[in-house]
**Q** 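First the structure, then my questions, so here it is.
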Number of protein chains: 2
Amino acid sequence: MVIILQDGSDVPVFKQIRNQIVVGISEGKLLPGEKLPTVRALAEEIGINSMTVNKAYQLLKQEGYIITDKRNGVRVREKFASIPELSPEAKEQLHQMVSEARIRGITRDEFVALVDEYYASSMPDGYLQGEYTPLLE
Amino acid sequence: MVIILQDGSDVPVFKQIRNQIVVGISEGKLLPGEKLPTVRALAEEIGINSMTVNKAYQLLKQEGYIITDKRNGVRVREKFASIPELSPEAKEQLHQMVSEARIRGITRDEFVALVDEYYASSMPDGYLQGEYTPLLE
DNA sequence: TCCTTTGTATTACCCATAATAATACAAACA
DNA sequence: TGTTTGTATTATTATGGGTAATACAAAGGA
């Protein structure tokens with residue numbers, strides 16, 4: 001998968017990397033169990049320091065998206081825990097987003113249409129919870 | 001309207017103030033044309049520096065939510081421009097949010113239910129675009 | 001007219017975080 | 001025995017958030 005950095009962004013580089021990998025997993029561009037580039041390889045590829053890549057991997061590891069194994073490198077989790085609730089932070093973020101949309105005059109249906117668009121890009125129900133068992137390599 | 005600061009938050013204080021005021025406008029807790037506290041009054045009320053409040057007001061002003069008038073203080077905009085599109089940043093944020101929800105196993109319907117909940121808290125269609133003309137003072 | 005209140009501008013300082021840089025090390029595989 | 005892996009360490013730089021202490025022009029009230 002290709003990581004593309006937005007240079008003028010206020011989002012830190014390590015978080016941009018983390019975000020793009022999470023979207024990649026959700027949309028099947030990164031398969032369960034797939035090997036990610038080494039910290040040094042990815043750092044050189046996108047022209048940044050390897051410790052910044054490591055910081056992104058540390059975050060992904062802590063959040064349960066990937067598994068790091070010394071010598072074996074970094075791999076995408078095989079299965080993900082089903083947690084049928086958004087985090088309080090995410091809920092507040094969504095609340096905020098709806099409020100701003102509402103002031104701009106964006107209707108509920110317009111907002112939901114956008115949500116549907118993004119859900120259509122992601123993998124089908126249960127794909128990452130283990131009901132599908134994709135063959136790898 | 002009461003501003004409540006989350007002390008352990010990673011969200012900067014000036015942005016917490018800005019966010020709560022935006023939500024307040026969307027949900028009718030702040031009426032169009034309503035006067036906001038002075039920078040010094042709000043600063044003392046929540047125990048922070050007045051320049052931090054000013055920073056929040058500057059942002060709200062630049063985003064078109066409020067109007068500052070020397071000597072007259074700060075007031076909520078009367079009418080808001082109808083812009084039937086989320087900003088690219090907001091879209092990307094929503095995309096990110098859907099991706100993370102998807103990995104957690106949260107379905108489209110569960111996500112939309114949350115959106116509906118927040119839309120139910122906000123004012124009806126067109127309220128802030130001037131079709132309603134609320135009486136003030 | 002004089003005083004007060006308003007948002008605003010300025011300057012300085014402290015602190016946390018992001019990012020780079022240069023290494024170093026234990027583990028594990030070929 | 002290399003070499004590659006993630007990881008830890010230390011130092012340095014830059015940016016942004018927040019506080020602090022003022023200062024000022026504008027505008028309203030007394």
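Below, read A as the first sequence line, B as the second, and so on, with proteins coming before strands; counting in each chain starts at 1. These numbers were taken from a predicted model, which means no experiment stands behind them.
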**Q** For A/Leu59 and C/dA19, give me the distance from atom CG to atom P, rounded to whole Å.
**A**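 So the two atoms are 12 Å apart, to the nearest Å.
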**Q** First locate atom CG of A/Leu42, then atom CE of A/Met1, and finally report the distance between them rounded to the nearest 0.5 Å.
**A**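 Those atoms lie 9.0 Å apart.
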**Q** For a quick check, with a 4.0 angstrom heavy-atom cut-off, what is the B/S/- contact string for nucleotides 15-24 of chain D, read 5' to 3'?
**A** --SSSBB-B-
**Q** Please give, in whole Å, the distance from C/dT5 P to B/Asp69 CG?
**A**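 About 18 Å, once rounded to whole Å.
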**Q** Is there a donor-acceptor pair closer than 3.5 Å between any side-chain N or O of A/Tyr65 and the backbone N or O of A/Phe80?
**A**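 Not a single qualifying donor-acceptor pair exists.
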**Q** Once you round it to whole Å, what is the distance between P of C/dG7 and CG of B/Leu60?
**A**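 Whole-Å distance recorded here is 13 Å.
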**Q** Indicate yes or no: does B/Arg108 engage A/Asp116 in a salt bridge with an N to O separation below 4.0 Å.
**A**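 Salt bridge between B/Arg108 and A/Asp116, a charged N being under 4.0 Å from a carboxylate O: yes.
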**Q** Using atom NZ of A/Lys61 as one end and atom C1' of D/dA8 as the other, report the distance to the nearest whole Å.
**A**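 That distance rounds to 12 Å.
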**Q** Salt-bridge test for A/Arg104 and B/Glu85: reply yes if a basic N is under 4.0 Å from a carboxylate O, no otherwise.
**A**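 Result for this pair is no, no salt bridge flagged.
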**Q** Over how many whole Å does the gap from A/Leu42 atom CG to C/dT20 atom C1' extend?
**A**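 A/Leu42 atom CG is separated from C/dT20 atom C1' by 16 Å.
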**Q** What nucleotide, of D/dT7, C/dT8, C/dT6, holds the atom closest to the side chain of B/Thr38?
**A**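 Nearest listed nucleotide: C/dT6.
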**Q** In this structure, how many angstroms lie between the C1' atom of C/dA18 and the CG atom of B/Asp10, rounded?
**A**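 After rounding, the gap between these two atoms is 14 Å.
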**Q** Does this structure show an ion pair linking A/Glu27 with B/Arg102, if we count only N-O contacts that are shorter than 4.0 Å?
**A**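 Judged by the 4.0 Å cut-off on N to carboxylate O distance, A/Glu27 and B/Arg102 do not form a salt bridge.
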**Q** Both distances below 3.5 Å, Watson-Crick or wobble geometry, any strand: find the nucleotide opposite D/dG2.
**A**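 Across any shown strand, D/dG2 pairs with none.
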**Q** Please report, rounded to the nearest Å, how far the C1' atom of C/dG7 is from the CD1 atom of B/Ile66.
**A**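 Taking CD1 of B/Ile66 and C1' of C/dG7, I get 11 Å after rounding.
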**Q** Is it true that a side-chain atom of B/Gln96 and a backbone atom of B/Gln93 form a donor plus acceptor pair closer than 3.5 Å?
**A**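 Judged by distance alone, no pair lies under 3.5 Å.
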**Q** Expressed in angstrom and rounded to an integer, what is the separation of A/Gln62 atom CD from D/dG6 atom P?
**A**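 Nearest whole value for this atom pair: 18 Å.
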**Q** Could you check which nucleotide pairs with C/dC2 in any of the strands shown, counting Watson-Crick or G-U wobble with both distances under 3.5 Å?
**A**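 D/dG29 is the nucleotide pairing with C/dC2.
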**Q** Counting only side-chain N and O atoms of B/Asn54, is one of them less than 4.0 Å from OP1 or OP2 of C/dT8?
**A**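 Yes, because at least one side-chain N or O of B/Asn54 sits under 4.0 Å from OP1 or OP2 of C/dT8.
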**Q** So, B/Glu110 and A/Lys91, do they make that salt bridge, N to O below 4.0 Å?
**A**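 Answer for the salt bridge query: no.
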